[in-house]
Peer 1: 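The structure follows.
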Amino acid sequence: MARHNEIGKLGEQMAAAWLESQDFRIIECNYNKKWGEIDIITRETSGKVHFVEVKTVSYETKSALDYSVSHETWRPEENVHRNKIDRFKRAIQTWIAENKYKGEWQTDIITLRLVPREKIARIKLIDNVILD
């Protein structure tokens, strides 16, 4: 597996664990269709379903991570491009239809900046993202 794929997988695992620590219940991870993917599908205690896109970027050292955060040199959420949004929306529509889901739902982005060797991560939830 390529390094960027390993980092992405680690980010998704960390995001799922973080969501569980925030009292969300994971319904499914890596819901995948030919036309799109959802990284995490989760449910909050009220019953609302959240479709989550996870974006991860890694750094070699904590100081590099801290510099990037403090200077906002690059934000992982900037990598959610039009094609990704379109594929994400199609996957959400498919999941809703397959599961005959009629309740409330929203889309979220979780970004992770991590230093794998030092086991340090900065996690940010951007909730209720409007996909147009």
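These figures come from a predicted structure and were not determined experimentally.
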Peer 1: Begin with the C-alpha distance, continue with both residues' side-chain angles, and end with the deciding distance and a verdict on side-chain contact (heavy atoms from CB on, under 4.5 Å) for Thr45 and Arg43.
Peer 2: CA-CA 7 Å; Thr45 54; Arg43 185 182 310 271; over 6 Å; no
Peer 1: Any chance you could lay out the side-chain contact (heavy atoms from CB on, under 4.5 Å) test for Leu112 and Val57, step after step, and finish with the verdict?
Peer 2: CA-CA 6 Å; Leu112 288 98; Val57 64; over 6 Å; no
Peer 1: What class does the angle between the rings of Phe24 and His50 fall in, given that below 30° is parallel, 30 to 60° is tilted and above 60° is perpendicular?
Peer 2: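 Perpendicular.
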Peer 1: Give, for atom NZ of Lys89 and atom OG1 of Thr107, the distance between the pair rounded to the nearest 0.5 Å.
Peer 2: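 Here the interatomic distance stands at 9.5 Å.
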Peer 1: Nearest 0.5 Å, please: how far is CZ in Phe51 from CH2 in Trp95?
Peer 2: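 So the CH2 of Trp95 and the CZ of Phe51 are separated by 5.0 Å.
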Peer 1: Please determine which of Asp39, Thr42, Val129 meets the side-chain contact (heavy atoms from CB on, under 4.5 Å) test together with Val52.
Peer 2: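 So, applying the side-chain contact (heavy atoms from CB on, under 4.5 Å) to Val52 and each of Asp39, Thr42, Val129, only Thr42 qualifies.
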Peer 1: When rounded to the nearest 0.5 angstrom, what distance separates NZ in Lys9 from SG in Cys29?
Peer 2: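 Going from NZ on Lys9 over to SG on Cys29, the span is 8.0 Å.
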Peer 1: Hey, any chance Tyr31 and Trp35 share a hydrophobic cluster, counting ILVMFWY side chains that come within less than 4.5 Å of each other, even indirectly?
Peer 2: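 Each belongs to a different hydrophobic cluster.
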Peer 1: Go through the steps to decide whether Leu114 and Ile120 satisfy the test side-chain contact (heavy atoms from CB on, under 4.5 Å), and finish with yes or no.
Peer 2: CA-CA 6 Å; Leu114 57 94; Ile120 296 171; over 6 Å; no
Peer 1: Under a 4.0 Å N-O cut-off, is there an ion pair linking Glu37 with Arg90?
Peer 2: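 No.
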Peer 1: Working to the nearest 0.5 Å, report the span between CZ of Arg87 and CD of Glu53.
Peer 2: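 Those atoms lie 10.5 Å apart.
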Peer 1: Does the side chain of Pro116 reach to within under 4.5 Å of the side chain of Ile7, using non-hydrogen atoms?
Peer 2: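 The answer is yes, as the side chains (C-beta and beyond) meet within the 4.5 Å cut-off.
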Peer 1: Applying side-chain contact (heavy atoms from CB on, under 4.5 Å), run through Asp108 and Ile126 and close with a yes or a no.
Peer 2: CA-CA 6 Å; Asp108 303 325; Ile126 306 168; over 6 Å; no
Peer 1: Once you round to the nearest 0.5 Å, how far does CZ of Phe88 lie from CD1 of Ile38?
Peer 2: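 The CD1 atom of Ile38 is 6.0 Å from CZ of Phe88, to the nearest 0.5 Å.
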Peer 1: I need the Thr56 OG1 to Glu6 CD distance, nearest 0.5 Å.
Peer 2: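 With rounding to 0.5 Å, OG1 (Thr56) is 13.0 Å from CD (Glu6).
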Peer 1: Can you list the steps and then say if Arg25 with Glu20 is a salt bridge (charged side-chain N to carboxylate O under 4.0 Å, His left out)?
Peer 2: CA-CA 6 Å; Arg25 186 177 61 81; Glu20 287 178 324; over 6 Å; no
Peer 1: For Val54 and Ala15, work out which heavy atoms get closest and say how close.
Peer 2: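 Minimum heavy-atom separation between Val54 and Ala15: CG2-CB, 3.9 Å.
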Peer 1: Quick one: do Lys33 and Glu98 satisfy salt bridge (charged side-chain N to carboxylate O under 4.0 Å, His left out)? Show the steps, please.
Peer 2: CA-CA 12 Å; Lys33 298 292 179 185; Glu98 283 180 356; 2.9 Å; yes
Peer 1: For the residue pair Ser21 and Trp18, what are the closest heavy atoms and their distance?
Peer 2: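 Heavy atoms of Ser21 and Trp18 come nearest at OG-O, 2.6 Å.
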Peer 1: Which pair of heavy atoms, one from Asp127 and one from Gln106, lies closest together, and at what distance?
Peer 2: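 Answer, listing the atom of Asp127 first, then Gln106: CB-NE2, 3.8 Å.
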